[in-house]
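Lettering follows sequence order; numbering is per chain, from 1. Since we're looking at a predicted model, the values are computed, not measured.
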Amino acid sequence: MQIRIKNLLKQSPVGSCVQVAGWIRTRRDTGGFSFLEVNDGSCLANIQVIAQGSLANYETEIKRLSAGCSVRVEGMLQTSPAKGQDVEILASGLTVVGWADPEHYPLQKKRHSFEFLREISHLRPRTNALGAVARVRSRLSYAIHTFFQERGFSQVHTPIITTSDCEGAGEMFQLTAMAAGDGPRGAEAREFFGRRAGLTVSGQLQAEVYAMALGDVYTFGPTFRAENSNTSRHLAEFWMIEPEMAFCDLARNMRVAEELLTYLLDDVMTHCAEDMDLFDRFIEKGLLTRLRGVMENEFARITYTEAVDRLLQAKKTFQYPVQWGIDLQSEHERYLTEEVFGRPLIVTDYPAAIKPFYMRVNDDVRTVAAMDILVPGIGEIIGGSQREERLEVLTARMEAAGINCEDYGWYLDLRRYGTVPHAGFGLGFERLIQFVSGMANIREVIPFPRTPGFAPC
RNA sequence: UCCUCGGUAGCUCAGUAGGUAGAGCAGGUGGCUGUUAACCACCUUGUCGGCGGUUCGAGCCCGUCCCGGGGAGCCA
């Protein structure tokens, strides 16, 4: 019976015959037999295999095994007499499924830099850290769906190709089916969609459509930004979670966001304990303590105006001077969440002038019902707002922003016909994984990162 | 895109006032009856990021481009 190593270690059926299949991590020879570390990706841990010299292919094959070779092993599970592992497989047979020429296989049984591993993105999930990231990413994805589904949210598959720019969300990748040389002049009429199209920068506007029919919805899909951003927190292609809730104000919006984050932390710490422990030991010392602190303390909440006051009172000089009306800079956000509060912080009610047209204007007229969640180490992880549901107010803001209302007729119809207060937010999936894993560079938490000048496969 | 620091063996790095390159690990061969970053002995490895310039001579100096780290802007 073939069994995955994760289940084998959990059930630990000592004395029974088992079969595993995986990749060799290392081989150690001692006299007439060998120790093999086999990993099958089901968990961080390897299973130690004892291959005795009496095996038929010991000299011809087993002694040639090296890192990266794939094998199938069968044998008896026994308690290990040595320290380092509780159980091991005493092999009765071993089949080499695929060789990995050790002269050329780039992964060695020592630590590699993440920069180097990025150059071999097709092999890096075979390392401990990147394998752990992949499992944690998968678990978080599952938990996100569980969280929303259990609360009655419907998932909406918003379009990846779009003809409407979500104003203010960054540069859109242009998309065309025309061959080079078909010429730009008068080409719009011959475009595949009959008009300019691009890759979505956000599913929010389309999610609002379904929120106005199904009530509570969420999107979870890829988004694209053609920004020339070269930082450890930006990607040209990333995944975003965007819930959108009808009959919902900013207060409930914040509650859902906070509940989501603490739910996800609890889930991943329960179900990926071994991988999280790896991050705690080798990626960010004190990670687990930090995350428990986030789960046990309520998020701090202040308004933008209070935040500005705090910054003005700070005994600290900022590179960017503070005054009411400015957008908060990284240094300001870091100071507030890391030094003043030392825990996640929700900042609300930003000046209308620095926020997009769809955010609901407050009674004071000069601020909007926006909220950003800032977390230590990452900065902004969630951005959201109550949406403007009043047609006249919305059109006035669109005109002020220089947006052609005719292009957004479908969006304005949501306010013309049965409009309701509604709210939502966006959570960057990769930033969430960074926050949870302690990984410093966002390029390590997505399987195939896309950044300016980098998209190898 | 801006500031800053880097790019030398498969990996991580060292390198002399400009004179033709080196250590650890990995890899190869042999040894070792319980190893676990195994150990011991011996051996192999380079267009010194690309292009151009200065010079009798450039890994080292100058110019430029590419890539990466840290920080910033934009944002998720």
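We find that CZ of A:Arg225 is positioned 9 Å from P of B:rC75, with the value rounded to whole Å. Summarising the geometry, the separation between NE2 on A:His234 and P on B:rG69 is reported as 14 Å, rounded to the nearest angstrom. Between the P atom of B:rC75 and the CG atom of A:Leu374 lies a distance of 14 Å, rounded to the nearest Å. Computed from coordinates, the A:Ile381 CD1 to B:rA76 P distance equals 13 Å when rounded to whole Å.
If you check B:rA76, B:rC11, B:rG71 against the side chain of A:Phe116, the one that comes closest is B:rC11. In the set B:rG68, B:rC75, B:rC11, the nucleotide with an atom closest to the side chain of A:Arg431 is B:rC75. Proximity note for A:Gln108 (side chain, C-beta onward) versus B:rG68, B:rG71, B:rA26: the nearest is B:rA26. With B:rA72, B:rU12, B:rU1 as the candidates, the nucleotide lying closest to the side chain of A:Tyr320 is B:rA72. Of the listed nucleotides (B:rC74, B:rC11, B:rG69), B:rC74 has the atom at the smallest distance from the side chain of A:Arg233. When the nucleotides B:rG68, B:rA76, B:rC11 are ranked by their closest atom to the side chain of A:Arg443, B:rG68 comes out on top. Taking every side-chain heavy atom of A:Glu380 into account, B:rA76 is the closest of B:rA76, B:rG69, B:rC11.
Not one N or O on the side chain of A:Arg387 forms a donor-acceptor pair closer than 3.5 Å with the backbone of A:Tyr358. Between the side chain of A:Thr223 and the backbone N or O of A:Trp239 there is no donor-acceptor pair closer than 3.5 Å. In this structure a side-chain-to-backbone donor-acceptor pair under 3.5 Å is missing from A:Asp216 to A:Met245.
Of the candidates A:Arg28, A:Arg25, A:Arg27, A:Glu37 forms a side chain to side chain donor-acceptor pair (under 3.5 Å) with just one, namely A:Arg28. Each of A:His145, A:Glu242, A:Arg151 was compared with A:Tyr218 under the side chain to side chain donor-acceptor pair (under 3.5 Å) criterion, and only A:His145 meets it. Just one of A:Asn128, A:Asn39, A:Asp40 meets the side chain to side chain donor-acceptor pair (under 3.5 Å) condition when paired with A:Asn46; it is A:Asn39.
Distances shorter than 4.0 Å separate none of the side-chain N or O atoms of A:Lys109 from OP1 or OP2 on B:rC11.
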Please list each protein N or O that sits under 3.5 Å from an N or O in nucleotides 22-24 of chain B, with the distance.
{"from": "B:rG24", "atom 1": "N2", "to": "A:Lys110", "atom 2": "NZ", "distance (Å)": "3.4"}

Under 3.5 Å between N/O atoms: give me all the protein pairs with nucleotides 28-35 of chain B, atom names plus distance.
{"from": "B:rG34", "atom 1": "N1", "to": "A:Glu88", "atom 2": "OE2", "distance (Å)": "2.8"}
{"from": "B:rG34", "atom 1": "N2", "to": "A:Gln48", "atom 2": "NE2", "distance (Å)": "3.4"}
{"from": "B:rG34", "atom 1": "N2", "to": "A:Ser80", "atom 2": "OG", "distance (Å)": "3.4"}
{"from": "B:rG34", "atom 1": "N2", "to": "A:Glu88", "atom 2": "OE1", "distance (Å)": "2.5"}
{"from": "B:rG34", "atom 1": "N2", "to": "A:Glu88", "atom 2": "OE2", "distance (Å)": "3.2"}
{"from": "B:rU35", "atom 1": "O2'", "to": "A:Arg28", "atom 2": "NE", "distance (Å)": "3.2"}
{"from": "B:rU35", "atom 1": "O2", "to": "A:Arg28", "atom 2": "NE", "distance (Å)": "2.8"}
{"from": "B:rU35", "atom 1": "O2", "to": "A:Arg28", "atom 2": "NH2", "distance (Å)": "2.9"}
{"from": "B:rU35", "atom 1": "N3", "to": "A:Gln48", "atom 2": "OE1", "distance (Å)": "3.0"}
{"from": "B:rU35", "atom 1": "N3", "to": "A:Gln48", "atom 2": "NE2", "distance (Å)": "3.2"}
{"from": "B:rU35", "atom 1": "O4", "to": "A:Gln48", "atom 2": "NE2", "distance (Å)": "2.8"}
{"from": "B:rU35", "atom 1": "O4", "to": "A:Gln85", "atom 2": "NE2", "distance (Å)": "2.9"}

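Taking the six-membered ring for Trp and thresholds of 30 and 60 degrees, A:His112 and A:Phe116 have ring planes inclined between 30 and 60 degrees apart.
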Fill in: A:Phe224/A:Phe238 under side-chain contact (heavy atoms from CB on, under 4.5 Å): CA gap, chis, key distance, verdict
CA-CA 6 Å; A:Phe224 310 87; A:Phe238 63 100; over 6 Å; no
Worksheet entry | Strand RNA chain B in bracket notation, Watson-Crick/G-U under 3.5 Å with | for pairs to another chain | (((((((..((((.....[..)))).(((((.......))))).....(((((..]....))))))))))))....
